[in-house]
Amino acid sequence: MKLTLKIWRQQGPHDNGRLVSYETDEVSPDMSFLEMLDGVNQRLILKGEEPVAFEHDCREGICGSCSLVINGVPHGPERGMAACQLYMRRFSAGDVITIEPWRARAFPIIKDLVVDRSALDRLMQAGGYISINTGGAVDGNVLLIGKEQAETAMDAASCIGCGACVAACKNASATLFVAAKVSHLGTLPQGKPERARRVAAMMEAMDREGFGACGNQYECEAVCPKRISTRFIAMLNREYLRAGFVASGSPAEPDSSQAGPD
Amino acid sequence: MRRSNQFQTSLSSKVAVALSGLGLAGFVSFHMLGNLQVFEGPAALNGYAAFLREMPIVLWSARLGLLTVAVAHIALGIRLALQNRRARPVAYAVREYRVASMASRTMALTGSLLLLFIVFHILHLTVGLGDPSVHDQLDERGHRDVYGKVIQAFHNPFYVALYCAGQLVLGMHLSHAVSGSLQTLGVEHAALIRLFRAAGPAVALFVVMGNLAIIFAVFLGLVRP
Amino acid sequence: MITLDPKIPPGPLETKWERRRFTEKLVSPGNKRRIKIIVVGTGLAGASAASTLGQLGYQVECFCFQDSPRRAHSIAAQGGINAAKNYQDDGDSVARLFYDTIKGGDFRSREANVYRLAQVSTQIIDQCVALGVPFAREYGGQLANRSFGGVQVARTFYCRGQTGQQLLLGAYSALCWQVERGQVTMRPRTEMLDLVVIDGHARGIVVRDLVTGRITAHMAHAVVLATGGYGNVYYRSTNASSCNVTATYRAWKQGAAFANPCFTQIHPTAIPPAETHQAKLTLMSESLRNDGRLWVPSAPADRRLPEEIPLSERDYFLERRYPRFGNLVPRDVASRAVKAMCDEGRGVGPGGHGVYLDFADVIERHGVDVVRERYGNLFEMYQRITGEDAYRVPMRIYPAPHYTMGGLWVDYNLMSTIPGLFVIGEANFADHGANRLGASSLMQGLADGYFILPYTIGHYLASAKATLVGEEHRASRAAVERVTGLVATLLRANGRRTAASFHREVGKILWDHCGMARSKAGLTGALKAIPALREEFWRDVAVPGSGETFNQELEYAGRVADFLEFAELLCHDALHREESCGAHFREEYQTADGEPQRDDERFAHVAAWEYRQDDSPLLHKEPLAFEFVQPTTRSYQ
Ligand SMILES: Cc1cc2nc3c(=O)[nH]c(=O)nc-3n(C[C@H](O)[C@H](O)[C@H](O)COP(=O)(O)OP(=O)(O)OC[C@H]3O[C@@H](n4cnc5c(N)ncnc54)[C@H](O)[C@@H]3O)c2cc1C
Ligand code: HEM
Ligand code: SF4
Ligand code: FES
């Protein structure tokens, strides 16, 4: 199968990028999309050129590394899948395929198709956790959590942190990502004590990192490889309103270990 | 976890935009319903207008409230739109949307056009600029002849076209805005999701159809002076 | 010279760990603030260790080469995690989990370690629940269990098919908290390329910043490696594409003993490769063997479609060879049987690399809906990858390297033969002996990271009393130079072959001669072929670009260079072990009907290899004493 690829090439964060065309004819329908790119790269290396940088690791849709905008859609034409789960039988001979990186101010390009998504880590650091010390946890069955509740939490928790929601959003908003975490932890009893601070801190971090605000367009859900529902965004909004009304924050925690005796 | 009591986030702005937007949506709905009195003849409409003017304090506080809401909505809406634009400095070379409607992607544009339209509308029918001939006429009961103004305006194909365009823009803005604001305010339920998502287009259709009915009824001569 | 002192506490099995915790020295809270610990790796083991150490008050610097700690390979584990909770009241206990693990490992692991693992397993579940891991629940709200990997009790906890992901995200969120508190400094996209050893103690690491290419030394009071397994030495495996041996291998070169490298687990049910260039193999859940039947055509090179082959010309080889367990024999046994069929030329699909896994019978018996309910997602995944509908035609499966039991040697305190260098998770030689049971690796990673290392490292730190050494120290400068030199050499080669082509080739050598079946002849041949290939690599590898930028090919070439050396160590170990045990099958040591023959007289030991500069690696043995269980023969016939 013969294809034309138009791939975004960009040397570094401060260089100008452009789409470069590559013809490739060694493509079989049984190849995955990333294997097709591997092939392109092997040939580039043999020609002494630099291969196309792109991110990948697990290649089975769970690590969230792969991050390609394929023909204008993050993760490409299949729904509910990451780019690494896309196979070439989805394309036909002669197709022109444009491949671009995630584009957002919060995701500066490192090289070619690789972007820096550490902003998502910083959102998590702002509040995407339950602050509980190791050791001394009570028995797991002490907290009874209904099946439905557990399943809802799991639906939200299955986010792989790929950032496709940001890439797809017209406003480059990370709301779906934040909503998934806030809903996951907010649904479980373990996460309730910190829910007010969590949602406020994460939303503040989202603005700080330069993501846009949600436009309620649901493009994120349509490209999310885990089909995280935008209903969680409504849940996030409720959590936020609740936090604003109810809790003006719990009293500031004196951080005992940091203020410890010397 | 950082302590945060500020709640000065874009989400707060969004909530404010949604609340004020819903307020405005409420206003345009009642505005349209009020105007439907055109179909009951001059007496009804002019009487309604006069009724409003008989309570200047109420009227002006309503106007002031409306103005505040509108200013808040516009200011925060524009600020959000600018912030959102900044969030993606480099555009995609190829872009395809799966579900985001045209209306949802053009909120800032339709909002701005709406602003222009509203300014024009106020100048045109409330203040009476642009078409001074219709100003200050009184009907037989001594009320200001709003009815006459409307009839006269919508006999003019130019104004009809302009108002139709305004309605189109209003319809688009509303069709995304109302459903969107429900989501922004966290109003959501698994069983009712279709209802909530249909709410925007329904309200938009309702308002736009009502307004268009007036315009075309006059233009086609179904409502006579 | 390396000495292997496992430092196992005396006394009864049940109280060994308690004893050790009591006799250990502690670091005072005030001192903890002044102690810096490097943790390399953010998988289950690394993330849980780094967060716990941070919480205890140490200054932690944590490294991973992915762009985010959350993407460590642990994220891909599917099935579940074991714990001896006995919530099902089906007779499980710490003792039983201990015994199952020892037996599953074919009596090649340390009793004391395995017992401790079984003991802390219960705490892991509690800790994870507290962190918000959404384990599957029953309607009444209690935790749900499934049975896994052929054991007789249901002790596996799970989050749909994404258990590894949820456990890792739990540990990652704990790590996030410590980063926010300033206890942990996270350095993603940073690859450890060497270990700094000063006066015999591990005192730092040398890393390359993968974005800027800067090579620097980072110093600490102790170093923890949690860098995962080396399954990718086979080129094709179920591991994530970046998994590699570099961190542990380079630590080996600095003096840490490498234990049992030849214990590598090959999983029977992966989707066969469709492409010669395909590296990644996708694992299909073992549970498919509950209902699917494995078969091949009776005649070699039978190219007919499966449905054209009549029953009389099919060989249901597992049912034939193992009438008692049939299709449910353990992983290693099934894998070997599949390989035997393919070696006889009876494999199916492209290149004859595959056997059928047929669901026709269960579909006929229970209807297609039952099968869809049980395995729908797996069938979907299979279809996505192969384009075939397994409801209509039999699936094809083929074994794939999956997990490595071998790793750096550690004592009971998880410290390697280099004082101050601790190794946890899949990177150490661990508790799984010669074969790992399903759902026990996640357990081990979290046991090490949350509950064991944080105690034992304190003992070292309290006794060693070392001061923090600066980056300008002679040893660290030398280490930086070693790494800089290596990077420069790779870039200079400027040859005509890609790193991947070498990786593929060494992988094939190992797969053929040090894979599911090994023989003296094969291994000796491999030991000749590998150095030749390595020489060619240094002469002819092509690495474009520069070292001062983001350069994925350079990263990869460096990893392949280590695989090319490490492969040799693997073969040495396999050659030395003249017995068949667990995943290690030597063709010379089997019964008449092809069953493995273990040799407890000569090989009841851990083989720990010492690096020697210009000589073949030196073998040290840690004898394994079985005081509490009696080694028996694993038989599945
Ligand atoms: C497909 C699949 C399914 C599995 N399913 C199960 C299951 O159901 N149950 C089970 O118990 N086990 C399962 N396993 C095994 C289990 O997932 C792994 O053994 C375990 O996750 C290993 O965890 P770890 O923390 O030791 O290492 P990893 O998770 O591999 O983490 C290694 C870390 O080290 C870092 N690192 C490595 N080298 C360097 C370096 N040089 N410099 C800097 N950083 C470095 C990496 O960035 C990464 O963060 C499965 C494995 C696979 C492949
Ligand atoms: C009759 C007039 C108007 C009505 C009924 C109305 C209604 C609404 C509503 C309900 C929303 C909320 C949508 C959400 O939460 O997602 C909204 C959003 C918005 N409105 Fe209006 N609006 C009106 C006029 C205007 C005007 C005049 C402007 C600007 C010049 C404007 C600009 C915006 C913008 C930019 C948004 C999107 C905010 C966001 O990003 O979420 N609107 N409108
Ligand atoms: S919400 Fe979906 S698209 Fe967004 S980061 Fe998570 S998995 Fe990716
Ligand atoms: S490579 Fe891991 S999700 Fe695609």
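All chains are named by letter (A, B, ...) in the order of the sequence lines, taking the proteins before the strands, and each is independently numbered beginning at 1.
- Both the backbone and the side chain of B/L11 come within contact range of chain A, each with at least one heavy atom under 4.5 Å from a heavy atom of that chain.
- B/T106 places a side-chain heavy atom less than 4.5 Å from the side chain of B/M172.
- Contacts between A/A205 and chain B at a heavy-atom distance below 4.5 Å are absent for every atom of the residue.
- Counting heavy-atom pairs under 4.5 Å between each of A/T230, A/T175, A/V223, A/T98 and chain B puts A/T230 at the top.
- Both the backbone and the side chain of A/C214 come within contact range of chain B, each with at least one heavy atom under 4.5 Å from a heavy atom of that chain.
- Heavy-atom pairs under 4.5 Å with chain A peak, among B/R105, B/Q83, B/R85, B/H189, at B/R105.
- Between A/I228 and A/S158, the shortest heavy-atom contact is CD1-OG, 3.8 Å.
- Looking at A/L241, only its side chain comes within 4.5 Å of chain B, counting heavy atoms on both sides.
- Only the backbone of A/F211 comes within contact range of chain B, with heavy atoms under 4.5 Å apart.
- Considering only heavy atoms from C-beta on, A/T4 stays 4.5 Å or farther from A/D95 through its side chain.
- Cation-pi check for B/R88 over A/F107 is not met; the charged atom does not lie both under 6.0 angstrom from the ring centroid and within 45 degrees of its normal.
- Ring geometry for B/F120 against B/Y159 counts as parallel: the plane angle stays under 30°, on a 0 to 90° scale with 60° as the upper cut.
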